Amino acid sequence: MSKEITSRSEDYSQWYNDLVIKGNLADYSAVRGCMVIKPYGFTLWENMRDVLDKKFKETGHTNAYFPLFVPKSLFEAEEKNAEGFAKECAVVTHYRLKTDPNNKGKLIVDPDAKLEEELVVRPTSEAIIWNTYKKWIQSYRDLPILVNQWANVVRWEMRTRLFLRTAEFLWQEGHTAHATKEEAIEETEKMINVYADFVEQYMALPVIKGYKTENERFAGAEETYTIEALMQDGKALQSGTSHFLGQNFAKAFDVKFLNKEGKEEYVWATSWGVSTRLIGALIMAHSDDDGLIIPPRIAPFHVVLIPFLQKNVEERQVIEDKTYEIKQQLEAKGLRVIVDLDDTKRPGFKFAEYELKGIPVRMVIGPRDLENGVVEVARRDTKEKKSYTLEGLADSISQLLEDIQQSIYDKAVAFRDEHITKVDSWEAFTEVLDGKGGFILAHWDGTGETEDKIKELTKATIRCIPLGNELETGKCVLTGNPSKQRVLFARAY
RNA sequence: CGGGGUGUAGCGCAGUCCGGUUAGCGUACCUGGUUUGGGACCAGGUGGUCGCAGGUUCGAAUCCUGCCACCCCGACCA
C-alpha cells in the first residue's frame with residue numbers, strides 16, 4: 001500500500017533506498033549528501049557500537065576524543081595521506097557571519113573574519129592524533145598507546161548513498177603507537193580479526209579477510225587489511241579496514257622514542273575503523289522484498305507483541321494483562337520487547353509494518369490462542385509461523401532468536417560460497433562478472449598496470465589478497481604473465 | 001563533475017504540451033460509527049507561498065530566463 005517497497009529484481013538501488021527510508025532507519029536531510037539517522041536506525045547503530053566498544057576495551061584500548069578540525073599545515077604533513085584525501089575535504093576559511101548590508105535579514109560571510117590558517121574538517125584523524133602523540137611519547141615506557149575514538153568525519157563525496165557513502169558519517173577510528181614493527185603488525189591483524197568476528201557473529205555476515213593491493217591501499221599505509229562482504233546483487237562491500245602505517249606518520253610528525261638501549265627510534269603506527277556503512281552492508285546482505293531482516297543480536301527489538309484486542313472490555317483486559325505478563329517474562333530473559341496496543345490499525349497492517357522494520361520475532365496474542373495456552377509466533381527471516389506454549393515461553397523464544405541468528409548467517413554463507421568462482425580465462429572472467437556476479441578468484445600478474453586495466457575494462461577491482469591464501473602457480477587472467485597466487489576480484493560499492 | 005530524470009497537501013501522483021472560475025485524485029491524518037486471526041468499511045472534515053527568484057501577460061502550476069534541491073547512471077571514494 002502506502003509503504004510498498006520496490007522489489008530487488010525491479011530496481012535494486014530503489015529497493016535499498018525504500019528499506020532505509022520506509023524501514024525508518026534514516027532520512028534525507030536539508031544538507032546535501034548528509035542524512036538523518038532516525039531513532040530506530042540509531043538504536044541499531046548503538047547496539048553495534050556497544051558490542052564493538054566492549055571488544056576494543058577487552059583488547060586493551062581506551063576511548064579518547066580529538067578535534068573535528070585539523071589545521072591545514074598539520075593535515076599536509078604526511079604527504080601521501082594528505083594527497084589521498086585532498087580532493088574531498090571540507091575546509092573552514094572564516095569564523096564569522098554578518099548581516100548583509102544590501103539585504104537585511106540575510107547573512108553573509110564576513111570577509112574581515114578570514115582565518116589565518118584554514119581548518120580542514122577531518123576526513124580521518126591521523127594528523128591531529130600524531131601531532132598529539134608527539135607530546136605523549138618520549139620513551140618505550142610510554143608505549144604502546146592504544147586509543148580509539150568514536151567520531152564523525154566528513155568526506156565531500158560527489159555521489160552519496162544512504163549509509164553507504166554520505167558526506168558526513170559516524171565511525172570509530174583506532175590509532176595505536178608501538179615500539180616495534182612486529183607489535184604494530186600484530187595489532188593491525190588483531191583488529192581486522194575483531195572486526196571479522198563482530199561482523200560474522202553479530203551481524204551474521206560472512207566476510208573474507210585479506211590485504212589490499214598497493215592501488216587499493218589506504219593513503220599513507222604500508223599495508224591495509226580489509227574485510228570484504230558480499231551483497232545480494234553480487235557486488236562486494238568493503239566493511240572494515242585495519243592499517244599498518246609503518247613509521248610514515250611518526251616521521252611526518254617527528255614522533256620518536258628512546259628504546260631500552262637508549263637509542264632514538266621512530267614509533268610504529270596502526271589505524272583501523274568501521275563506520276555506519278556497516279548498516280548498509282547489513283541491509284543489502286540479509287533483507288528481502290518485504291523489508292528489513294535484522295539479526296537478533298543487534299536488532300533494536302527482538303520481539304513485537306501484537307494482542308488481538310476485543311471490543312468487550314473484560315476480555316480486552318484479560319488479553320492486555322496477559323500481553324504485559326509475557327512482556328515481563330521475555331524481558332526478564334534480557335529480550336528487547338515492544339507491545340503494539342494500537343487498535344486503530346488492523347493486525348494485517350501491523351504484520352506488514354513490523355516485517356518491513358525487520359523485527360526478528362512477532363508474537364500474536366488472541367483469545368483463541370489463550371484458550372489453548374499458546375501464542376502464535378512468526379519469525380521474520382523465513383516468515384514461518386508456529387504456535388508456542390506459554391509454558392517456558394521465554395526460553396523457547398530465546399532459543400528461537402539464536403536459531404534465527406544462525407540461520408540468517410548460514411544463508412549468507414551459502415550465498416557467499418555460491419558466489420566465489422575460480423576462473424582461468426578472460427572469457428570466463430567477464431562472463432562470471434556480467435552473469436552471476438560475486439567474487440572471482442583469478443590469477444593476477446601482480447602489477448598495478450594490469451589491475452588498472454582490468455578495472456578499466458570491467459569495473460572489477462581486486463578486493464583483497466585473502467589471508468592464508470594458497471600459493472599456486474598460474475597465468476594472469478588478463479596478460480597471461482606468470483602468477484604466484486589467485487586474488488579476489490569483484491565489482492564493489 | 002558529465003548524462004538522464006524529478007520537484008504540485010505528510011507520502012504517491014494527475015494537471016504543464018495548447019495560460020482562463022475556488023488546483024484535483026489516491027493514501028495518510030482528524031471526528032463519529034461499524035469492524036478486528038494477513039495491509040477494513042461508511043459518512044463528514046483538516047491540510048497547498050504548485051522547488052526558489054525574476055520576467056512576459058488583463059490573468060501563470062502551465063510560457064521565458066536564471067538558480068536550487070533530490071533521485072538514477074557514470075567518473076571518484078569507505
Side-chain angles (χ1 to χ4, degrees), chain A residues 1-6 11-18 20-22 27-35 84-89 103 123-124 153-173 195 212 215-219 224 226-229 236-243 271-281 290-291 306-312 315-316 319 341-356 362-372 374-376 378 383 385 387 455-456 459 461 463 492-493:
Chain A
M1 298 278 158
S2 65
K3 287 263 180 90
E4 203 157 313
I5 59 185
T6 310
D11 184 343
Y12 192 84
S13 297
Q14 194 53 49
W15 166 76
Y16 174 80
N17 287 336
D18 283 355
V20 173
I21 303 289
K22 294 175 181 172
D27 206 348
Y28 296 107
S29 74
V31 193
R32 179 191 205 119
C34 296
M35 65 175 176
F85 284 107
K87 56 193 177 305
E88 46 186 359
C89 285
N103 194 355
T124 180
V153 286
V154 170
R155 296 181 189 174
W156 216 260
E157 301 290 347
M158 290 175 183
R159 193 177 153 212
T160 58
R161 297 194 67 184
L162 294 164
F163 286 115
L164 295 175
R165 190 177 299 104
T166 45
E168 180 194 17
F169 58 94
L170 304 183
W171 76 345
Q172 58 68 217
E173 43 181 328
Y195 288 155
K212 290 289 190 184
N215 281 2
E216 298 282 324
R217 207 174 278 159
F218 176 70
T224 290
T226 179
I227 48 173
E228 298 286 326
L237 183 75
Q238 179 174 306
S239 305
T241 48
S242 181
H243 314 289
S271 68
W272 29 273
V274 294
S275 72
T276 39
R277 179 180 233 207
L278 281 176
I279 295 175
D290 295 318
I306 304 178
F308 278 116
L309 298 170
Q310 301 302 295
K311 198 73 192 169
N312 177 300
E315 281 179 8
R316 187 190 170 97
I319 302 263
L341 286 178
D342 185 352
D343 58 1
T344 67
K345 297 197 168 48
R346 306 179 98 226
F349 180 89
K350 295 183 183 181
F351 296 171
E353 191 69 14
Y354 293 112
E355 279 162 8
L356 170 57
R362 176 182 78 230
M363 196 178 289
V364 170
I365 301 155
R368 198 192 298 166
D369 300 315
L370 289 186
E371 274 171 32
N372 300 319
V374 298
V375 287
E376 185 195 84
K383 298 282 211 71
K385 281 192 258 192
S387 284
K455 184 176 179 183
E456 188 191 317
K459 284 166 193 132
T461 50
R463 299 320 303 155
Y493 278 97

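Letters A, B, ... mirror the listed sequences (proteins, then strands); counts begin at 1. Computed from heavy atoms alone, side chains included, the values below leave out hydrogens, waters and symmetry copies. All of these numbers come straight from a predicted model, not from anything done at the bench.
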**Student:** Give one of base, sugar-phosphate or nothing for A:K459, where a contact means two heavy atoms less than 4.0 Å apart.
**Tutor:**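 Here A:K459 touches the backbone only, sparing every base.
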**Student:** Would you mind classifying the nucleic acid contact of A:L164 as base, sugar-phosphate or nothing, using non-hydrogen atoms under 4.0 angstrom?
**Tutor:**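 Base, at least one base heavy atom under 4.0 Å.
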**Student:** Could you please name the option among B:C77, B:C71, B:G38 that lies closest to any side-chain atom of A:E355?
**Tutor:**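 Looking only at heavy atoms from C-beta outward on A:E355, the closest nucleotide is B:G38.
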**Student:** Is the positively charged end of A:R362 above the ring of A:F351, judged by distance under 6.0 angstrom from the centroid and angle within 45° of the axis?
**Tutor:**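 Geometry flag: set, cation within 6.0 Å and 45°.
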**Student:** Just N and O in the side chain of A:R277: are any of them under 4.0 Å from OP1 or OP2 of B:A78?
**Tutor:** no
**Student:** May I have the distance from A:D342 (atom CG) to B:A40 (atom P), rounded to whole angstrom?
**Tutor:** 12 Å
**Student:** Can you tell me how far NE2 of A:H243 sits from OG1 of A:T226, rounded to the nearest 0.5 angstrom?
**Tutor:** 9.0 Å
**Student:** Does OP1 or OP2 of B:C29 have a side-chain N or O of A:K345 closer than 4.0 Å?
**Tutor:** yes
**Student:** Using atom CD1 of A:I5 as one end and atom P of B:G39 as the other, report the distance to the nearest whole Å.
**Tutor:** 17 Å
**Student:** Describe the nucleic acid contact of A:E157 in one word from base, sugar-phosphate, nothing, applying a heavy-atom distance below 4.0 Å.
**Tutor:**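 Base, at least one base atom sits under 4.0 Å.
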**Student:** If you measure from the C1' atom in B:U22 to the same atom in B:U34, how many Å do you get, rounded?
**Tutor:**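 Between the two C1' atoms, the distance is 35 Å.
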**Student:** Looking only at the side chain of A:A352 (C-beta and beyond, no hydrogens), which of the listed nucleotides B:C71, B:G39, B:C70 gets closest?
**Tutor:**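 Nearest to the side chain of A:A352 among the choices is B:G39.
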**Student:** If you compare every side-chain N and O of A:Y28 against the phosphate oxygens of B:C71 (OP1, OP2), does one of them come in below 4.0 Å?
**Tutor:**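 Yes, A:Y28 has a side-chain N/O under 4.0 Å of OP1/OP2 on B:C71.
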**Student:** Does B:C72 have OP1 or OP2 under 4.0 Å away from a side-chain N or O of A:N17?
**Tutor:**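 Indeed, a polar side-chain atom of A:N17 lies that close.
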**Student:** Quick one: A:D18 CG to B:C72 C1', roughly how many Å, whole number?
**Tutor:**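 Whole-Å distance recorded here is 13 Å.
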**Student:** May I ask you to evaluate whether A:R32 reaches the phosphate of B:C70, defined as a side-chain N or O under 4.0 Å from OP1 or OP2?
**Tutor:** yes
**Student:** Assign A:G33 to base, sugar-phosphate, or nothing according to its heavy-atom contacts below 4.0 angstrom with the strands shown.
**Tutor:**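 Since only primed, P, OP1 and OP2 atoms lie under 4.0 Å of A:G33, the category is sugar-phosphate.
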**Student:** Name the nucleic acid region contacted by A:F218, choosing base, sugar-phosphate or nothing; use a 4.0 angstrom heavy-atom cut-off, strictly under.
**Tutor:**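 Nothing: the residue A:F218, judged by heavy atoms under 4.0 Å, touches no strand.
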**Student:** CZ of A:R161 to OH of A:Y493: how many Å apart, nearest 0.5 Å?
**Tutor:** 5.5 Å
**Student:** Suppose we screen for salt bridge (charged side-chain N to carboxylate O under 4.0 Å, His left out). Which residues come up paired with A:K345, at least two apart in sequence or across chains?
**Tutor:**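 If we apply the salt bridge (charged side-chain N to carboxylate O under 4.0 Å, His left out) test to A:K345, skipping adjacent residues, the hits are A:D342.
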**Student:** Answer yes or no: does a side-chain N or O of A:S13 lie under 4.0 Å from OP1 or OP2 of B:C73?
**Tutor:** yes
**Student:** More 5' along RNA chain B: A:V31 or A:K383, using each one's nearest nucleotide?
**Tutor:**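 Looking at the nearest nucleotide for each, A:K383 comes out on the 5' side.
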**Student:** Taking B:A61 as the reference, what is the distance to B:U21 when you measure between their P atoms (whole Å, please)?
**Tutor:**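 Between the two P atoms, the distance is 11 Å.
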**Student:** Measure from the side-chain heavy atoms of A:F349 and tell me the nearest of B:G39, B:C76, B:G37.
**Tutor:** B:G39
**Student:** Counting only Watson-Crick pairs (N1-N3 plus N6-O4 or O6-N4) and G-U wobbles (N1-O2, O6-N3), all under 3.5 Å, who is the partner of B:U31?
**Tutor:**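 Pairing partner: B:A43.
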**Student:** NA contact type, A:P367, heavy-atom cut-off 4.0 Å: base, sugar-phosphate, or nothing?
**Tutor:**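 Base: the residue A:P367, judged by heavy atoms under 4.0 Å, touches a nucleobase.
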**Student:** Between B:A69 and B:U8, how far apart are the C1' atoms? Round to whole Å, please.
**Tutor:** 16 Å
**Student:** Any strand is fair game: report the nucleotide pairing with B:A69 by Watson-Crick or G-U wobble, both distances under 3.5 Å, or none.
**Tutor:** B:U6
**Student:** To the nearest angstrom, how far is A:L370 atom CG from B:G37 atom P?
**Tutor:** 16 Å
**Student:** Counting Watson-Crick and G-U wobble pairs only, both distances under 3.5 Å, name the nucleotide matched with B:C76, or none.
**Tutor:** none
**Student:** Strictly by Watson-Crick or wobble contacts shorter than 3.5 Å, is anything paired with B:U22, and which nucleotide is it?
**Tutor:**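 Checking every strand shown, B:U22 finds no partner, since no pair has both distances under 3.5 Å.
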**Student:** Where does the angle between the aromatic ring planes of A:Y195 and A:W272 fall among parallel (under 30°), tilted (30 to 60°) and perpendicular (over 60°)?
**Tutor:** perpendicular
**Student:** If you look at every strand shown and take non-hydrogen atoms under 4.0 Å, does A:K350 touch a base, only sugar-phosphate, or nothing?
**Tutor:**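 No contact at all - A:K350 keeps every heavy atom at 4.0 Å or more from the nucleic acid.
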**Student:** I need the CD-P distance between A:E216 and B:C77, as an integer number of Å.
**Tutor:**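 Going from CD in A:E216 over to P in B:C77 covers 8 Å.
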**Student:** Between A:P347 and A:F85, which has a closest nucleotide on RNA chain B that is more 5'?
**Tutor:**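 Result of the comparison: A:P347.
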**Student:** Quantified in whole Å, what is the C1' atom distance between nucleotide B:G5 and nucleotide B:C13?
**Tutor:** 16 Å
**Student:** B:C41, OP1 or OP2 - any side-chain N/O from A:R346 closer than 4.0 Å?
**Tutor:** no
**Student:** Across the strands shown, which category fits A:R316 at heavy-atom distances under 4.0 angstrom: base, sugar-phosphate, nothing?
**Tutor:** nothing
**Student:** For B:A60, what is the paired nucleotide under Watson-Crick or G-U wobble rules, both distances under 3.5 Å?
**Tutor:**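 Check on B:A60: unpaired, no WC or wobble geometry under 3.5 Å.
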**Student:** Looking at the side chain of A:K455, which of B:C76, B:G37, B:A78 is the nearest nucleotide?
**Tutor:** B:C76
**Student:** With rounding to the closest Å, how many angstrom separate the C1' atoms on B:G10 and B:G55?
**Tutor:** 33 Å
**Student:** Categorize A:T166 for me: base, sugar-phosphate, or nothing, with a 4.0 angstrom heavy-atom threshold over every strand shown.
**Tutor:** base
**Student:** Mind checking whether A:F169 and A:W171 have parallel, tilted or perpendicular rings, split at 30° and 60°?
**Tutor:** perpendicular
**Student:** Measuring only the C1' atom in each nucleotide, how far is B:U6 from B:U56? A whole number of Å is fine.
**Tutor:** 26 Å
